[in-house]
Amino acid sequence: MDKFLIIFSLIVLSAPLAFAESSNVGIIYWEKEIVSINSFADIIVKDNDMNKKEYPNFADKFTITVWSDTSPDGLEIQVVENGVYSGIFKGSVYIADSGEPTKNRLISSPGDVLYAKYVDSTLPDGGSSEIISAAVVKISGEDMSPILNKIDPSMRHLKTPQSEIPAWVKNNAGWWADGTIAESDFISGIEFLIKDGIIVIPPTTVSSESSEGVPAWVKNNAGWWADGTISDGEFVNGIQHLIKTGLISVSSNTETTQMVSEKPKSDDSKLASLEAELEKCSEIKVGYKRIDCEKPLKKAIALYKYQTNAQKFEIGPITYYWFGVGSEGNGFEISPTGQAILSIRMLAENTSSEITALHCTSPSICSYDVWDGTNAFKYSGMDFTSGEIVLNPNDSREFNILFGPNIGYGGTEFKYDPSKTYYFRINENFGSVDIPLELK
């Protein structure tokens with residue numbers, strides 16, 4: 001009873017702060033402060049007031065303005081809510097060094113400052129405010145810090161680890177805590193999210209003392225974080241512990257004594273050549289330069305492995321590759337609680353000369369589902385963080401979709417009947433296919 005009174009008192013005392021007027025002021029920021037030329041740049045707007053809730057099960061959208069030093073007139077682009085009722089909106093603009101500006105093509109030059117403006121017209125006092133965020137276009141081989149440091153600090157809305165954790169990740173943490181999904185599934189899922197940049201973890205050194213399993217307190221933290229008892233920061237502390245003890249391996253965010261040369265080499269000459277180039281990247285001492293070296297090679301290695309070993313499905317401009325159920329990232333199981341859990345991991349390659357996007361905004365608005373001949377099952381978790389995955393010509397991207405408990409937003413609970421045949425369905429505007437799953 002005493003604990004209840006203390007907690008209740010804290011809630012009462014903190015309530016005025018939680019609902020202060022500043023919580024109704026939106027923010028805008030570039031996903032990356034340093035943007036490469038001839039690439040897409042993402043912009044995030046966070047404002048719960050723009051979640052209109054006028055159309056149930058549909059994401060909201062509106063426009064913002066972007067411009068650069070080279071193109072001061074700029075253009076308007078659309079930002080779309082990344083989940084129904086999330087209040088988080090994302091848009092993309094292509095930063096090009098030549099050509100004509102179009103609806104999402106901004107002409108810029110290396111060294112330019114990029115600007116994005118959001119007009120918050122729903123302030124508590126009834127007024128409006130222009131909120132501007134800035135980034136810079138990378139100059140190859142140069143340190144961009146001097147240019148960044150000249151930007152007005154009010155325009156540098158930097159990301160934090162807390163802002164990088166999507167709400168749906170909490171569902172996975174809760175399912176692991178209550179036994180719906182296995183510990184290995186949770187760890188592999190978190191590992192992927194960190195590697196893909198969806199969750200940002202501070203640099204963590206791997207300890208020489210390894211662990212046999214996930215400590216109970218980390219699992220408790222996951223459950224408490226899922227139900228809102230502890231903060232994002234406390235959850236991140238638990239993840240850092242898993243990295244430190246070697247239970248989660250994320251090479252780009254950890255310091256480790258294991259050398260790349262210790263990895264077994266492939267007999268395939270092309271793959272061996274790519275792996276040798278990747279090994280040379282380890283000699284680069286500057287962190288961000290080493291990552292710039294490794295990233296395209298890791299993507300090329302992954303694509304080559306898919307192209308040479310996986311099933312292939314050509315749908316319009318996109319070729320999908322899949323290793324099948326039972327391979328890494330692809331699994332089917334019935335949890336101890338009786339919940340069917342299906343994980344799908346695929347790679348999509350844009351083989352056309354046009355920019356193409358894959359679409360999945362929410363469970364009810366998604367081009368991907370599972371079909372049993374009668375029922376369409378919607379996802380429980382996925383990594384289309386902006387509602388779409390944009391692929392440049394000849395670009396590729398691995399993506400994951402999980403089917404299991406119903407998370408709402410037009411979702412469904414995945415149910416398994418051994419007498420039925422299940423298909424993973426792709427139904428994009430550029431084409432469709434039904435892929436047999438062979439679940440058992």
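The model shown is predicted, which means the values in this text are computed figures rather than measured ones. Quick note: residue numbers are just sequence positions, from 1.
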Can you measure from [atom1] ([X]) to [atom2] ([Y]) and round to the nearest 0.5 angstrom?
X: Lys32; Y: Lys138; atom1: NZ; atom2: NZ; value: 11.0 Å
X: Tyr422; Y: Trp371; atom1: OH; atom2: CH2; value: 12.0 Å
X: Lys420; Y: Asp372; atom1: NZ; atom2: CG; value: 4.0 Å
X: Lys46; Y: Ile131; atom1: NZ; atom2: CD1; value: 13.5 Å
X: Ile435; Y: Tyr423; atom1: CD1; atom2: OH; value: 12.0 Å
X: Glu349; Y: Glu398; atom1: CD; atom2: CD; value: 13.0 Å

Does the gap between the ring centers of [X] and [Y] come in under 6.0 Å?
X: Phe313; Y: Tyr321; value: no
X: Phe403; Y: Phe377; value: no
X: Tyr379; Y: Phe414; value: no

Between Ser343 and Asn330, does any side-chain donor sit less than 3.5 Å from a side-chain acceptor?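 No - no donor-acceptor pair under 3.5 Å links their side chains.
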
Report yes or no: do Arg345 and Asn400 form a side-chain donor-acceptor pair below 3.5 Å?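 Indeed, the side chains of Arg345 and Asn400 share at least one donor-acceptor pair under 3.5 Å.
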
Is the closest side-chain heavy-atom distance between [X] and [Y] below 4.5 Å?
X: Arg397; Y: Ile389; answer: yes
X: Met346; Y: Ile344; answer: yes
X: Ile139; Y: Met144; answer: yes
X: Ser396; Y: Leu303; answer: yes
X: Ile318; Y: Phe430; answer: yes
X: Trp322; Y: Phe424; answer: no
X: Asp47; Y: Ile27; answer: no
X: Leu148; Y: Glu33; answer: yes

Quick check: does any side chain N or O of [X] sit under 3.5 Å from a backbone N or O of [Y], one acting as donor and the other as acceptor?
X: Thr356; Y: Leu391; answer: no
X: Asn38; Y: Asp97; answer: yes
X: Tyr416; Y: Leu439; answer: yes
X: Ser367; Y: His359; answer: yes
X: Ser68; Y: Ile107; answer: yes
X: Asp112; Y: Thr70; answer: yes
X: Ser71; Y: Trp67; answer: no
X: Ser380; Y: Pro405; answer: yes

Stepwise, does the side chain to side chain contact (heavy atoms under 4.5 Å, CB included) test hold for Phe384 with Thr361? CA-CA 7 Å; Phe384 286 61; Thr361 303; over 6 Å; no

More than 12 non-hydrogen atoms from neighbouring residues, nucleotides or ligands closer than 6.0 Å to CD on Glu438, yes or no?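 It does not: Glu438 CD has 12 such atoms or fewer within range.
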
Smallest separation among heavy atoms of [X] and [Y], with atom names:
X: Trp30; Y: Ala135; value: CG-CB, 3.6 Å
X: Ile151; Y: Ala134; value: CG2-CB, 3.7 Å
X: Gly324; Y: Ser327; value: O-OG, 2.7 Å
X: Ser432; Y: Ile315; value: N-CG2, 3.5 Å
X: Ile77; Y: Gly91; value: CD1-C, 4.4 Å
X: Gly410; Y: Pro363; value: C-CB, 3.9 Å

Using the rule side-chain contact (heavy atoms from CB on, under 4.5 Å), only one of Thr65, Asn104, Val66, Ile64 pairs with Glu76; which is it?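 Only one option passes, and that is Thr65.
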
Please walk me through it: do Leu114 and Ile95 pass side chain to side chain contact (heavy atoms under 4.5 Å, CB included)? CA-CA 9 Å; Leu114 305 172; Ile95 308 301; 4.0 Å; yes

What I want to find out is whether Asp395 reaches Lys299 closely enough, with some N-O distance under 4.0 Å, to be called a salt bridge.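 Counted as a salt bridge, because a side-chain N and a carboxylate O are separated by less than 4.0 Å.
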
Residue pairs involving [range] (criterion salt bridge (Lys or Arg N to Asp or Glu O under 4.0 Å); sequence neighbours excluded):
range: residues 310-326; value: Lys312-Glu314
range: residues 421-430; value: Asp369-Arg425
range: residues 62-74; value: none

Test side chain to side chain contact (heavy atoms under 4.5 Å, CB included) on Gln339 and Ile334 and set out the steps. CA-CA 5 Å; Gln339 174 65 60; Ile334 305 297; over 6 Å; no

Specify whether Phe62 and Tyr118 have parallel, tilted or perpendicular ring planes, treating 30° as the upper limit for parallel and 60° as the lower limit for perpendicular.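 Tilted.
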
Carefully, step by step, assess Tyr29 and Val45 under the rule side chain to side chain contact (heavy atoms under 4.5 Å, CB included). CA-CA 7 Å; Tyr29 60 83; Val45 177; over 6 Å; no

